[in-house]
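Have a look at the structure below, then the notes.
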Amino acid sequence: MVRAILSAASRAPSGTNFQPWHVHVVTGETRAALTRAVIQAAAAGERCDEYAYAPVPVGEPYLSRRRKVGYDLYRLYGIARDDFAARKTAMLRNFEFFGAPVGLFFTMEKHLLFGSWLDCGMFMQNVMILARAHELETCAQQAWCEYGGIVHQQLGIPNTHIVLSGMALGHPDPNAPENTLISDRVNIDEFAVFHR
């Protein structure tokens, strides 16, 4: 099933047909060993970012949007805003793939430029859509890139590649409170300009 999803996803648009994406699929003991290693590093504060995801500091309106979706998720978990220990525990669930049996890691060669990032994003979106055709769900997880060095080491990813994102793949749990979250989206008039 995973092979079928990835094979079909490879029809993603790719400028000049670079097809820059690479995928590492983890299951079983490899998945468990990676989970243990990253959770241990997170507990010890040994973060090793693969790349900067957002500017520092994060400005508006992005900061407010990020905070709201985080607070909404914690509310569904039953976690108070000031309960930082529970928030950390919830965040660490990323590194267990939220219970999904399959983890995917998307990489590309480091020397490639922004066009290849676009191509890989479209490939990842295809994976997410195609998973639904197999009655599966996904969760894109950039959080893994906060421990990119460990992902490289555990999976033997060469240093010439950059880890773009992780992704959980499995059967959805409709009773999980977090799966009821519907994040806010701005109105089309705030992001689209129609030129006539």
Side-chain angles (χ1 to χ4, degrees), residues 2 5 21-54 56 58 62-63 65-108 117 120-121 123-125 127-128 131-132 136-157 161-184:
V2 174
I5 290 168
W21 46 78
H22 294 262
V23 184
H24 295 259
V25 181
V26 297
T27 59
E29 182 49 38
T30 299
R31 176 194 170 283
L34 177 62
T35 290
R36 285 191 300 271
V38 172
I39 288 176
Q40 181 179 5
E46 297 171 355
R47 185 168 163 162
C48 47
D49 288 86
E50 191 76 352
Y51 58 89
Y53 184 80
V56 177
V58 175
Y62 314 107
L63 180 60
R65 291 175 185 169
R66 180 168 76 178
R67 283 179 173 162
K68 179 159 187 339
V69 76
Y71 292 146
D72 289 348
L73 181 61
Y74 295 140
R75 182 180 45 77
L76 290 172
Y77 279 141
I79 298 172
R81 283 189 184 193
D82 60 350
D83 189 345
F84 297 106
R87 286 168 58 172
K88 183 174 183 177
T89 299
M91 183 278 298
L92 289 175
R93 292 190 62 226
N94 271 286
F95 308 123
E96 297 171 342
F97 298 97
F98 299 106
V102 177
L104 306 173
F105 290 91
F106 300 86
T107 75
M108 71 176 199
W117 285 76
C120 289
F123 174 78
M124 288 177 60
Q125 182 73 52
V127 170
M128 297 174 85
R132 289 184 169 180
L136 300 173
E137 281 292 346
T138 58
C139 180
Q141 299 176 279
Q142 192 277 336
W144 286 98
C145 297
E146 296 172 3
Y147 300 92
I150 297 165
V151 175
H152 276 272
Q153 180 186 40
Q154 290 285 316
L155 301 184
I157 298 170
H161 280 223
I162 187 166
V163 178
L164 303 170
S165 184
M167 184 180 291
L169 174 68
H171 292 279
D173 179 359
N175 298 317
E178 61 271 25
N179 288 338
T180 66
L181 176 66
I182 299 174
S183 57
D184 290 346

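Since this is a predicted model, take the numbers as computed values, not measurements. Numbers here are sequence positions counted from 1.
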Between CD1 on residue I39 and CD on residue E96, distance to nearest 0.5 Å: 4.5 Å
Identify the heavy atoms of D173 and N179 that sit nearest to each other, and give their distance. O-ND2, 2.7 Å
Step by step, would you call F98 with C139 a side chain to side chain contact (heavy atoms under 4.5 Å, CB included)? CA-CA 9 Å; F98 299 106; C139 180; 3.9 Å; yes
Hey, does F105 have a side-chain heavy atom less than 4.5 Å from the side chain of Q154? no
Out of curiosity, I150 CD1 to H152 NE2, how far, rounded to the nearest 0.5 Å? 11.5 Å
Between T35 and F95, is there a donor-acceptor pair closer than 3.5 Å when you use the side chain of the first and the backbone of the second? yes
Using the ring centroid of each side chain, check whether F97 and W144 are separated by less than 6.0 Å. yes
Would you please test H22 and F106 for side chain to side chain contact (heavy atoms under 4.5 Å, CB included) and show each step? CA-CA 6 Å; H22 294 262; F106 300 86; over 6 Å; no
On a heavy-atom basis, which atom in M124 and which in A140 lie closest, and how many Å separate them? CE-CB, 4.4 Å
Salt bridge present between D72 and K68 (N-O < 4.0 angstrom): yes
Apply side chain to side chain contact (heavy atoms under 4.5 Å, CB included) to residues L63 and R67 and explain how you reach the verdict. CA-CA 6 Å; L63 180 60; R67 283 179 173 162; 3.7 Å; yes
Set of residues satisfying side chain to side chain contact (heavy atoms under 4.5 Å, CB included) with respect to R65, sequence neighbours excluded: P61, Y62, V186
Quick check against the 3.5 Å criterion: does E137 have a side-chain atom that pairs as donor or acceptor with the backbone of P172? no
Holding to side chain to side chain donor-acceptor pair (under 3.5 Å), I want the full list of residues that pass it with H24, two or more places apart in sequence or in another chain. none
Within the side chain of R31, is there an N or O that forms a donor-acceptor pair under 3.5 Å with the backbone of A100? yes
Minimal non-hydrogen separation, A86 against D83, with atom names: N-OD1, 3.1 Å
Please give me the minimum heavy-atom distance between A42 and L92, naming the atom from each residue. CB-CD2, 3.6 Å
L136 side chain reached by I5 side chain, heavy atoms, under 4.5 Å: yes
Calculate, to the nearest 0.5 Å, the distance between atoms CG and OH belonging to L181 and Y77 respectively. 9.5 Å
Nearest heavy-atom pair of G149 and E50: which atoms, and what distance? N-OE1, 4.1 Å
Step-by-step side chain to side chain contact (heavy atoms under 4.5 Å, CB included) determination, V38 to N94: CA-CA 10 Å; V38 172; N94 271 286; over 6 Å; no
What distance separates T180 OG1 from L76 CG, expressed to the nearest 0.5 Å? 4.5 Å
Applying side chain to side chain contact (heavy atoms under 4.5 Å, CB included), can you list everything that pairs with Y51, at least two apart in sequence or on another chain? Y53, W117, Q142, C145, I162
Is it possible for you to check whether R81 lies under 6.0 Å from the centre of the six-membered ring of Y71, through NZ or CZ, and within 45° of that ring's axis? yes
